[in-house]
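Quick notes on the structure that follows.
Predicted model only: the values in this text are computed from it and were never measured. Within every chain, numbering begins at 1; the chains are lettered A, B, ... in the order of the sequence lines, protein sequences first and strands thereafter.
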Amino acid sequence: MDKKLYSVAATFGNADDIILATGKIASAGYTNYDVNTPYPIHGMDDAMRLKPSKIGYFTITFGLTGTALILWLMYWVTTTDYPQVIGGKPFFALPAFIPITFEATVLLAAVGSALSLFIYFFKFPNNSHPLHDTEYMKSCSSDKYGIYVEAKDPLFDEVRIKALMHECGAENVYDVNYEEDFLTAKFEIFDKKFIGALIVLAIIVSASTYLHLNKLLYMTPFNWMMDQPKVSAQQKSTFFADGFGMRTPVEGTVARGNMPYAYKGQPDEAGKYLTNPLQNNDKNLALGKAKFLTFCSPCHGNTGMGDSRLNGQFPNGPTLHSDKVTNWPDGNLYHVITEGQNVMPGYFRQVTKDERWAIVLYLRTLQRALNAKEGDLK
Amino acid sequence: MSSKMNNYVRKNLPAGLSKWGFILLGVGLVMAVIAYNNNPLRASFASLIGFMFLLSIGLGSLFLVALEYLAGATWSVPFIRIAEILSTLVIIAPILAIPVLLNMHDMYEWTNKAVVDASHALTQKKAYLDINFFYIRFVSIISLLGLFYYIFTKNSLKQDITGDQKLTTFNVKLSALFMPVFAIGLSLLAIDFMMSLEPKWFSTIYGVYYFAGSFWVAIALITLFAVNFNEKGLLGTGINKDHYYSLGALMFAFTAFWTYIAFSQFMLIWYANLPEETFWFIPRMTGGWGVISIGLIVTHFVVPFFMLIQRPSKTNPSRLKLVATMVLAFHIYDLYWLIYPTYSRIQSVKQNDASLISSPFFGWIEISYIILALGILLTVFSFVGKGKNLIPIGDPKLKRAMDFHL
């Protein structure tokens with residue numbers, strides 16, 4: 001196979017010489033050259049007349065992308081997908097999201113920089129270079145400072161460059177050659193050995209992790225939700241002297257929102273003295289409708305005709321449009337919803353006071369709909 | 001053993017420095033006196049801004065001096081003399097505290113016995129928020145820090161002549177002693193003069209907040225002087241790009257540090273949402289003060305952060321000078337934001353108008369005290385710096401420092 005000249009390379013014994021040589025190469029106008037040293041050398045950027053690296057642009061682009069993405073994600077989750085009130089804050093509570101935004105910015109900036117370094121600057125997956133496996137590179141990776149000028153440089157002149165290198169005190173000067181088909185050769189990233197090694201590694205890691213966590217170091221499952229330090233139902237309390245976990249209210253007090261019903265077992269009195277405290281407006285009617293459909297309609301039917309889908313399976317709920325019910329005062333209806341009647345149970349546990357009155361309002365509207373008057377059309 | 005640098009030629013400070021110093025001082029003094037006669041309370045608040053501004057420059061510079069000794073840093077040696085000169089402000093700044101001390105009764109409600117007795121919270125703080133104890137703290141902290149300043153600079157100046165390395169060794173030991181005094185002293189000064197304007201409010205990070213701003217502005221001012229002097233050839237053989245880069249990087253770092261501290265303070269209070277803490281932020285987040293607060297984020301963080309983030313901008317002298325000048329203004333802005341809402345509150349109580357609590361006051365009275373503070377700054381610098389070597393020629397680290405490379 002034919003060998004072609006890739007570059008002329010030279011190694012130097014100390015850092016001062018390489019800076020001198022680099023300065024001369026740069027001032028001679030060569031552009032396709034590079035320096036290989038075992039560690040970063042101060043002043044090399046200036047000697048090579050390097051422009052500031054472009055990596056910063058990648059970093060800021062990825063960083064700002066991270067900022068935008070995470071803000072959008074948090075905005076979408078907290079306002080659209082799963083809005084939840086947390087600590088009385090607005091759904092999109094920006095101050096709480098700043099630390100996360102910061103983290104995401106830094107994460108994407110760092111990972112993006114590293115990836116762009118590999119992909120854009122190092123031309124990954126291309127992992128081959130004519131300098132690999134040369135004597136020159138071996139000495140540069142141990143204790144020598146190397147410089148090489150590529151043959152494709154427009155000013156390339158082998159004799160002149162070699163003279164220049166020697167003049168600067170080069171210890172060794174090499175010709176670096178490469179094979180003709182080197183440039184056209186394909187380098188497989190999915191090499192069989194490489195993929196095989198990855199698979200073997202994955203198996204070893206999973207197996208050893210499994211063994212370690214499950215056989216060597218058996219850990220009890222996370223069950224703190226189950227073992228809570230509280231009194232469950234039917235459990236004896238160790239805190240109260242009488243052993244009861246549930247307490248009765250302090251004598252002479254009423255729990256908030258649990259005003260006792262004044263007309264227990266007195267439907268007529270309720271009808272006489274109670275009036276609906278709610279206004280007949282859209283909001284209350286909507287509430288009444290929702291509660292009626294939830295709690296009343298299973299027996300009385302969606303419109304209160306006593307025609308529910310459960311007819312025949314349970315004692316049939318009567319129609320609510322009978323003369324008796326229509327002529328009842330509001331208080332009487334409220335009483336029945338609260339205490340129940342015949343087989344109907346009381347609903348004061350499930351339905352709050354205001355909701356019960358709202359149901360009464362809605363029921364009146366249903367009744368009126370069947371006996372509409374001329375004026376209602378207006 | 002002497003390691004004196006013999007090729008340093010002392011040059012005079014630029015003439016413009018003392019000229020502008022005197023002009024600003026004169027104009028500021030006249031305006032300040034008129035302002036004080038016009039509205040003593042408001043002038044005292046303005047004077048408090050000037051006082052805290054000069055004090056923060058002095059404290060930040062003194063901290064840099066001590067930090068250099070303690071850390072054995074070399075990069076900052078060429079302009080440490082600038083920091084030493086600026087740290088004179090620690091003992092000069094209290095001049096501007098005089099109007100504050102004269103009007104304490106109107107500015108600080110904890111001095112009012114009736115107010116204290118009416119509030120359980122203030123009664124509990126009585127032992128600390130006490131006029132006599134306040135004076136004791138103020139005088140002892142300023143004199144202690146002044147003593148450190150005196151010894152540091154005296155040894156440094158002596159070293160210029162003798163080149164005695166033992167003086168550096170002594171200052172290193174002294175700086176270790178200085179640090180706790182500085183940390184406690186700075187926190188107490190910030191708490192006494194600014195946080196106690198709202199005596200019912202408390203923030204445990206307040207001292208750090210003031211420190212972050214102080215070191216930021218001190219570094220900015222040192223950068224401003226160092227870059228200017230270097231361009232005029234006053235710093236011996238001159239400082240290089242890596243010095244510029246380090247100054248810029250430190251300024252950049254403290255931009256981020258201040259933001260971190262300020263945000264930490266805000267977020268914890270916002271999250272916990274306790275009425276005894278949030279009442280400090282609520283007026284600052286509504287009305288005119290709300291706009292000022294947004295402006296604080298923009299000026300104190302966004303602008304300097306993005307102006308310094310690129311690597312070349314940290315070595316670009318004109319960019320550094322621009323940012324450093326802006327930092328001075330933004331630090332005054334920050335102090336205004338810390339101090340003036342209390343003046344708005346006092347006005348809203350006085351004029352019985354609740355809307356005033358969220359409306360900022362800014363006018364010629366404030367400007368006159370800022371001019372006065374800048375005048376004091378420049379005059380003190382030209383006066384103290386006169387006839388001194390602008391680089392510590394006797395410092396054993398100087399040669400390494402001039403050749404400093406990152």
| field | Rounded distance [0.5 Å steps], CZ in B/F306 versus CD1 in A/I60 | value | 5.5 Å

| field | Within 6.0 Å of NZ in B/K241, more than 12 heavy atoms from elsewhere | value | no

| Do you know the tightest heavy-atom contact between A/A96 and B/M267? | CA-SD, 4.4 Å

| query | Does OH belonging to A/Y120 count more than 12 external heavy atoms closer than 6.0 Å? | reply | no

| Just wondering, are more than 12 heavy atoms of other shown residues or ligands nearer than 6.0 Å to CZ in B/F202? | yes

| Separation of B/Y260 OH from A/I98 CD1 (nearest 0.5 Å) | 14.5 Å

| said: If the condition is salt bridge (charged side-chain N to carboxylate O under 4.0 Å, His left out), which residues does B/R319 pass it with, not counting sequence neighbours? | reply: none

| message | Looking at every heavy atom in both A/P95 and B/F263, which two are closest together, and how far apart are they? | response | O-CZ, 3.2 Å

| query | Quick one: OH on A/Y57 to CD on B/Q310, what's the gap to the nearest 0.5 Å? | reply | 5.5 Å

| field | Greater than 12 external heavy atoms within 6.0 Å of A/F102's CZ | value | no

